[in-house]
Amino acid sequence: MIARDMVASSLGLPPQDFDVTVDVFALLFYVHAWVFVMMLLIGTAGFVLLVLAMARTITYRQVDQWASPLANAAGSLVLAALLTVVLQSVSRV
């Protein structure tokens, strides 16, 4: 509480403003956490659908025609990993 009073006196703001600021920052960080959770769920569902589509393609087509879906699935996995790293670095700031 001493730090709160010192900051309030140095900025010339009432100490109650800091409670509102903490609440706003908490809300902002919760939004980032929910976006991260939704990205994981949607990314996982998309990857599973891609693998299922690839499996279906493999059973009905020749090898040269399923190489593209395999590359797309690998690209989706790499993109999901990159987004995870970026969001983790943003959340540390």
Side-chain angles (χ1 to χ4, degrees):
M1 293 308 241
I2 296 172
R4 179 176 148 177
D5 293 333
M6 290 178 65
V7 172
S9 65
S10 67
L11 293 177
L13 296 172
Q16 294 82 10
D17 286 347
F18 300 115
D19 294 334
V20 174
T21 304
V22 169
D23 291 340
V24 168
F25 277 118
L27 180 65
L28 290 175
F29 286 124
Y30 285 134
V31 169
H32 286 281
W34 281 110
V35 167
F36 180 72
V37 168
M38 291 304 294
M39 181 200 68
L40 286 177
L41 292 175
I42 292 171
T44 302
F47 187 73
V48 167
L49 287 175
L50 257 159
V51 169
L52 290 175
M54 182 183 68
R56 182 172 182 262
T57 302
I58 289 171
T59 59
Y60 292 114
R61 296 185 182 170
Q62 296 176 356
V63 173
D64 61 341
Q65 294 179 341
W66 60 265
S68 178
L70 180 63
N72 287 337
S76 297
L77 184 61
V78 169
L79 182 62
L82 286 174
L83 285 174
T84 302
V85 169
V86 168
L87 285 176
Q88 284 179 348
S89 66
V90 169
S91 68
R92 290 182 190 154
V93 173

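Nothing fancy with the numbering, it's 1 onward along the sequence. Since this is a predicted model, take the numbers as computed values, not measurements.
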*Leu40, Leu83: one ILVMFWY side-chain cluster at the under-4.5 Å cut-off?*
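Yes, same cluster.
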*asked:* Is there a path of hydrophobic side-chain contacts, each under 4.5 Å between heavy atoms, that joins Leu79 and Ile42?
replied: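 No; tracing contacts between hydrophobic side chains, which count when under 4.5 Å, never links both residues.
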*asked:* Looking at every heavy atom in both Ala73 and Phe47, which two are closest together, and how far apart are they?
replied: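 Answer, listing the atom of Ala73 first, then Phe47: O-CE1, 3.3 Å.
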